[in-house]
Amino acid sequence: MDLFERHPQNPILTVEDLPFPAIAVYNPGVAEMDGEVVLLLRVEGEDGRSRLYVARSRDGIGGWQVAPTPLLAPEDPESPYEELGCEDPRVTYVEELGEYVIAYVVVSSPGPGVALARTRDFRAVQRIEMVLSPPNKNAALFPRRINGEWVMLHRPASGDVAHIWTVRSKDLVYWGHPHMVLPERGGTWWDGARVGAGAVPIETAQGWLIIYHGVKVVAGTPNYRLGLALLDLSDPAKVVARCRHPAFSPNAPYERVGNGVNIVFTCGALLRGDEVWMYYGAADTCIGLAKAKLDDLLEFAHRA
């Protein structure tokens, strides 16, 4: 049983909603600004490279207005490590800066790395550029300093090993002090092959709630599901709780078959009242919305 409830209008965004031709739209980051929900879409273009486009909606469900030009794209000559694409953005509003910080994957011939950019309005960005070298993905910045430092989740890879780590910085540019936080479970577990951070951590009284993806390889095909964990508020390198079972799995037809198969993958969620609105990519093809009560997620994270 899925803990999150799918919106009845799913998928809420497909390539048919874009004002230009594309192969797929998926894995959006999300923010709220000026009474609107803003999605930062990963759009796979006809050339196979991904670019990040801004979409806005009053209710966060329909009526999306998609910008015709990308916010971040591999065509920028000042960013050589983006030559093969910009992917999977996580958007963090940082009150101290009065800005949104975008952590995203940049792809080039050396492999995928992590880059950061800053924006106030999603119309212009200031690139910090690559901050974590390849191979690395799935970065999500915590929304405030912790013990005087910025903290970010990320997922470096070493051969077939891919765990979730934290890394720290004084200035958002230079990062160090790595610590492994959430390992893949191995074996036949639903998150046994690899794990990666999903949505930006949500601060709660019980700890930082993270939604993460786990992968199990079945008949040679990776299956992506979503799980929950709680990290200590003052030291997010410490795990308070981790769910035993997935909270959300690819069960709907549009999640099971597309450009990929059996994939639900989130880069962003909003806390709206007592609900968490999770935006996710489905089968590397389209975007869905699913909701759950925050209290239910916290309880599920502790469930053995």
Side-chain angles (χ1 to χ4, degrees), residues 13-31 33 36-57 64-93 97 99-141 152 154-155 157 172-173 175 196 200 258-260 265-268 279-281 283-287:
L13 259 172
T14 71
V15 289
E16 283 73 25
D17 300 307
L18 303 179
F20 47 81
I23 294 173
V25 54
Y26 55 109
N27 299 0
V30 62
M33 186 181 71
E36 293 182 314
V37 173
V38 178
L39 293 185
L40 190 53
L41 314 173
R42 175 182 174 179
V43 176
E44 185 179 344
E46 293 182 303
D47 62 357
R49 297 187 297 174
S50 290
R51 298 162 180 83
L52 304 182
Y53 288 80
V54 175
R56 291 177 166 86
S57 167
W64 295 98
Q65 299 296 312
V66 181
T69 57
L71 185 68
L72 290 161
E75 284 82 5
D76 189 336
E78 297 182 0
S79 301
Y81 296 115
E82 300 179 9
E83 61 182 337
L84 298 181
C86 304
E87 304 176 356
D88 299 349
R90 279 86 173 176
V91 180
T92 303
Y93 179 68
L97 303 175
E99 292 182 319
Y100 301 87
V101 177
I102 304 164
Y104 63 107
V105 178
V106 291
V107 186
S108 61
S109 55
V114 171
L116 297 179
R118 297 165 63 164
T119 183
R120 292 184 181 272
D121 55 10
F122 294 96
R123 301 184 190 280
V125 293
Q126 175 190 351
R127 278 179 166 88
I128 301 175
E129 299 190 348
M130 184 187 288
V131 295
L132 298 176
S133 59
N136 210 319
K137 288 186 172 185
N138 303 317
L141 179 71
M152 187 163 62
H154 67 120
R155 205 282 306 280
L172 295 176
V173 178
W175 295 83
V200 170
N259 294 312
F265 189 103
T266 186
C267 289
Y279 293 85
Y280 66 98
D284 284 357
T285 303
C286 57
I287 294 172

Can you measure from CG (N27) to CG (L39) and round to the nearest 0.5 angstrom?
11.5 Å
Hey, could you give me the CD/CZ distance between Q126 and R120, rounded to the nearest 0.5 Å?
9.5 Å
For the residue pair [X] and [Y], establish whether any side-chain heavy-atom pair is separated by less than 4.5 Å.
| X | Y | answer |
| --- | --- | --- |
| V38 | R56 | yes |
| V54 | L40 | yes |
| L18 | L41 | yes |
| F20 | T69 | no |
| F265 | D88 | yes |

For [X] and [Y], which heavy atoms make the closest approach, and how far apart are they?
| X | Y | result |
| --- | --- | --- |
| G268 | V30 | C-CG1, 3.4 Å |
| T14 | C286 | CG2-CB, 4.1 Å |
| G196 | R155 | CA-CG, 4.0 Å |
| A140 | V200 | CB-CA, 4.2 Å |
| P74 | C86 | N-SG, 4.0 Å |
| R90 | A139 | CD-O, 3.2 Å |

Would the distance check show the side chain of [X] and the main-chain N or O of [Y] forming a donor-acceptor pair, the cut-off being under 3.5 Å?
| X | Y | result |
| --- | --- | --- |
| R51 | R49 | yes |
| D76 | A73 | no |
| T285 | N259 | yes |

Checking side-chain contact (heavy atoms from CB on, under 4.5 Å) for the pair W64/D17: CA distance, chi angles, key distance, verdict?
CA-CA 8 Å; W64 295 98; D17 300 307; 5.9 Å; no
What residues, two or more places apart in sequence or in another chain, satisfy ring-ring contact (aromatic ring centres under 6.0 Å, His included) together with Y26?
none
Side-chain donor-acceptor pairs under 3.5 Å in residues 102-119, sequence neighbours left out?
{"unit_1": "Y104", "atom_1": "OH", "unit_2": "E82", "atom_2": "OE2", "d": "2.6"}
{"unit_1": "S109", "atom_1": "OG", "unit_2": "E83", "atom_2": "OE2", "d": "3.4"}
{"unit_1": "R118", "atom_1": "NE", "unit_2": "E99", "atom_2": "OE1", "d": "2.6"}
{"unit_1": "R118", "atom_1": "NH2", "unit_2": "E99", "atom_2": "OE1", "d": "2.7"}
{"unit_1": "T119", "atom_1": "OG1", "unit_2": "D121", "atom_2": "N", "d": "3.3"}
{"unit_1": "T119", "atom_1": "OG1", "unit_2": "F122", "atom_2": "N", "d": "2.9"}
{"unit_1": "T119", "atom_1": "OG1", "unit_2": "A124", "atom_2": "O", "d": "2.7"}

Please indicate whether Y100 has more than 12 foreign heavy atoms, meaning atoms of other residues, nucleotides or ligands, lying under 6.0 Å from its OH.
yes
Take L52 and R42 through the test side-chain contact (heavy atoms from CB on, under 4.5 Å) and record every step on the way to the result.
CA-CA 5 Å; L52 304 182; R42 175 182 174 179; 4.3 Å; yes
Checking side chain to side chain contact (heavy atoms under 4.5 Å, CB included) between M152 and each of V131, V101, L172, which is the one that passes?
V131
